[in-house]
Every structure is written in C-alpha cells, then in structure tokens.
Amino acid sequence: MNLTHSTYDKRSLHHDYYDRFIYHIIIKKRDGTPDFGAMRGSVDFKPGEKGAPYLFPFETGKSIIDGLKIFEKRFPEIRKFQYMLMPDHLHLIIYKTVKNNIHLDEYITFLKTIISSEYNRKSGTALSNEEIFQEGYTDKALYDKVSLDAWIKYVRENPYRRVMIVQRPEFFKRSRCLKIDNESYEAYGNLFLYDNPDKFAVRVRRVFTAQEVYLHKQQAIVAAQRGSVLISPFISSHEKEIRKEAELKNSKIILIRHEEFGERFKPPKHDFELCSQGKLLIISLGLPKGTELTYAISTRMNELAYRICDITR
C-alpha cells in the first residue's frame, strides 16, 4: 500500500487544535540545510551525568535555541515542558494553555519564522522557513492516558540513544531478559524501542471487512511515518504488508514471536541488520522450539502487543 499524501504534516481530523492541549512536536530540517549540530559525549555516562551524550549546536542549532526563547516571551500561552535538539530535527513538548482562535499550525509557523529570522541575522542570509525546515511538522496529542513524565524522559534521553547506536552497536546484537508486568520474556535488539511511549499495535482481525483492513493499514503506516513504533507478531499477509511498507519508510518495529531464542540465537539476516541499526526489537514468549503456532498463541502474542502499548505510554 502506497499512500500518496503527506503524513509528516497530517493533522488529526478529530482533534480541536484551537483548544488547550499538550503536544509532542517534531520539526525536521530540509534536505540540504546544514545540520543543527553534532553529537558529542560518551555512552559510558548516563543521561544527566557530566560527559553524557549531547548535541553541540551549530549556527542553525543556536538560532533554534535563541528562537525558542524569543517565542516563549512573545507567546506566553504556549508553555514549553521539554525540548531536545538533534542533528536533523527538533523535539518539543508544549502545552497550549488557552483556547483561542489561533490554530497550532499558526503557532508552529510563528516559531519557524522567528528561528529563520534569528538564523538570517546571525549568518547574513535571507532564507525562508521552507529553505531551512521541511514543510509542516508532526504532532502527537498527549491524551490523559499518556504519561507526560514518560514522554519528557524519552525526549530528554534522545541523544543517549542516538550515540549508543554509533558507539555500542554490539548492544543491539544480544539477548536479554525483559520484565513485563512481572513476567519474563526474551528480548533481542534495540531495547530502547520498548521504552518509546509512542507505539501502534498492528492487528488485522479475521472478521475485518475489506474497508476495515484498508483503514487499519492506513492508520498503521501514518502512525509509523509520524514516529510511532509498530508492534505485532505480523502473522497475516496484511500485517506482513504493513511491516514491509513501514520498513521501506525507515520506521521502527517491535516483533513478537512465540518460540524461544535458544542458546546461540541470531535472527535471520534481514532482522539481524535491522537490530544492528537500532530499528528492530524482537520479544519472545519463550515457548519451546517447534511449538506449533495456534490461534490461541497468536491471540496471546497480539494481547502482549496491546499490553506493551498501554504500560509504556
């Protein structure tokens, strides 16, 4: 399934963007724009410790930092909970504290304009928003069931996860024990994906109509392109199609399997490469090798996927 419309800047049709609300925002740089900065530090130090990974800002990054300060003073109704600058994008967790006649789109445009002005002032250029940033932005509305603390922690620790992939690639190539609701599971790959509070469970049920299958596929791909981690055993042909499409778009996956890993487990080449790149986490129920995949076991795997979505928000 190929979606022809943009999903990066797709707004929800069922949300009031004029109302008070908390959002996780991602603004990406345009291809060809200088990086916002470079990653420094070592994963030998945990987030918050001196020497831990961080972004050293370049001129563009400094302009974003200064622009955020100007934006906060000019629009005090937008409260900034957390931001994190990465080489090619900006994470923001903000709280629109009032309901007014200004759409969230307008606030983000104001922010981009302020940053662009700061960059032009510092560099002596005359670049437009579109020459610095990708068009639009992606938003995640943080509803009541979402843990704001979990989101703030996840955004704050972005540099650590990014540098870990470069400095410790072996971290993603071994099995570990993962505790979920006091139960033990085998895990292989990027454990950071488990901590990501933004997940989407993929499950195409047998009773789905053709229209329901299409809608679920569309929802899953849109979610993946906007940063959600797709989680599923990916058993049915429709689910496999969703995974293939998501991987083509560089999305991240949590794969649930039923058989145990075994003493010298190594996933198939394709999955091994995705694990090495930090794009895949495999979680196993730990059932004996050769266990037949039944409907009951498939249901158990899908229920685990939903449970993981709920407890890590």
Side-chain angles (χ1 to χ4, degrees), residues 1 24 140 142-143 145-147 150-151 154 161 172 175-208 212-261 265 267-268 270-272 274-275 277-288 291-313:
M1 176 186 63
H24 172 219
K140 177 77 175 181
L142 304 186
Y143 294 97
K145 63 181 179 179
V146 172
S147 167
W151 271 97
Y154 193 80
R161 292 189 296 274
F172 307 109
S175 302
R176 292 178 178 78
C177 178
L178 181 63
K179 287 278 189 180
I180 304 173
D181 284 344
N182 295 319
E183 294 181 48
S184 295
Y185 296 87
E186 295 179 310
Y188 184 102
N190 184 0
L191 278 174
F192 293 133
L193 299 183
Y194 175 81
D195 296 326
N196 190 324
D198 188 4
K199 301 186 188 72
F200 184 95
V202 174
R203 186 181 189 183
V204 179
R205 298 176 183 268
R206 294 179 180 179
V207 296
F208 277 9
E212 288 172 326
V213 170
Y214 171 78
L215 288 175
H216 188 69
K217 284 184 176 181
Q218 187 180 54
Q219 289 167 353
I221 296 303
V222 168
Q225 286 192 271
R226 297 176 70 189
S228 299
V229 177
L230 299 189
I231 176 169
S232 173
F234 296 101
I235 297 170
S236 74
S237 60
H238 293 304
E239 291 163 357
K240 286 181 169 67
E241 287 173 13
I242 291 171
R243 178 184 173 182
K244 183 178 180 181
E245 180 81 11
E247 287 180 4
L248 288 173
K249 298 180 185 304
N250 211 31
S251 303
K252 295 181 173 62
I253 304 289
I254 296 178
L255 171 66
I256 310 291
R257 55 174 274 161
H258 69 295
E259 291 183 312
E260 64 187 353
F261 289 155
F265 173 76
H270 176 73
D271 288 352
F272 178 77
L274 290 178
C275 288
Q277 296 164 12
K279 297 177 183 177
L280 176 66
L281 172 65
I282 306 171
I283 298 176
S284 168
L285 299 183
L287 300 180
T291 300
E292 182 184 356
L293 180 58
T294 63
Y295 179 75
I297 292 174
S298 299
T299 299
R300 184 178 163 192
M301 288 193 288
N302 279 304
E303 288 175 348
L304 176 60
Y306 285 122
R307 217 161 85 225
I308 291 172
C309 285
D310 288 338
I311 65 179
T312 55
R313 289 185 187 276

Separation between [atom1] of [X] and [atom2] of [Y], rounded to the nearest 0.5 Å:
X: I253; Y: L281; atom1: CD1; atom2: CG; result: 11.0 Å
X: I235; Y: L293; atom1: CD1; atom2: CG; result: 5.0 Å
X: L274; Y: L255; atom1: CG; atom2: CG; result: 10.0 Å

Between [X] (side chain only) and [Y] (backbone N and O only), is there a donor and an acceptor less than 3.5 Å apart?
X: K199; Y: Y194; answer: yes
X: E260; Y: S284; answer: no
X: H258; Y: S298; answer: no
X: H24; Y: W151; answer: no
X: N190; Y: F192; answer: yes

Answer yes if the side chains of [X] and [Y] hold a donor-acceptor pair under 3.5 Å, and no otherwise.
X: N196; Y: Y154; answer: yes
X: S184; Y: K179; answer: yes
X: Y188; Y: E186; answer: no

Of the non-hydrogen atoms in [X] and [Y], which two are nearest, and what is the gap between them?
X: E259; Y: T291; answer: OE2-N, 3.7 Å
X: A305; Y: I256; answer: CB-CG1, 4.5 Å
X: A220; Y: L230; answer: O-CD2, 3.6 Å
X: D198; Y: G227; answer: OD2-C, 4.0 Å
X: A246; Y: I221; answer: N-CD1, 3.8 Å

query: Considering residues, nucleotides and ligands other than Y143, do more than 12 of their heavy atoms fall under 6.0 Å from its OH?
result: yes
Validation row: [X], [Y] side chains within 4.5 angstrom (heavy atoms):
X: H270; Y: P268; value: no
X: R205; Y: F208; value: yes
X: R300; Y: L287; value: yes
X: H216; Y: V202; value: yes
X: P267; Y: I282; value: yes
X: Y185; Y: L285; value: yes
X: R203; Y: T299; value: yes

Between [X] and [Y], is there a side-chain N and carboxylate O pair less than 4.0 Å apart?
X: K249; Y: E245; answer: yes
X: E303; Y: R307; answer: no
X: K252; Y: D195; answer: no

message: Among Q277, K279, Q225, exactly one meets side chain to side chain donor-acceptor pair (under 3.5 Å) together with N250. Which residue is that?
response: K279
- request: Please confirm whether K244 makes a cation-pi placement over F234, using NZ or CZ under 6.0 Å from the six-membered ring centre and within 45° of the ring normal.
  value: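 Because its charged atom misses either the 6.0 Å distance or the 45° angle limit, K244 does not stack over F234.
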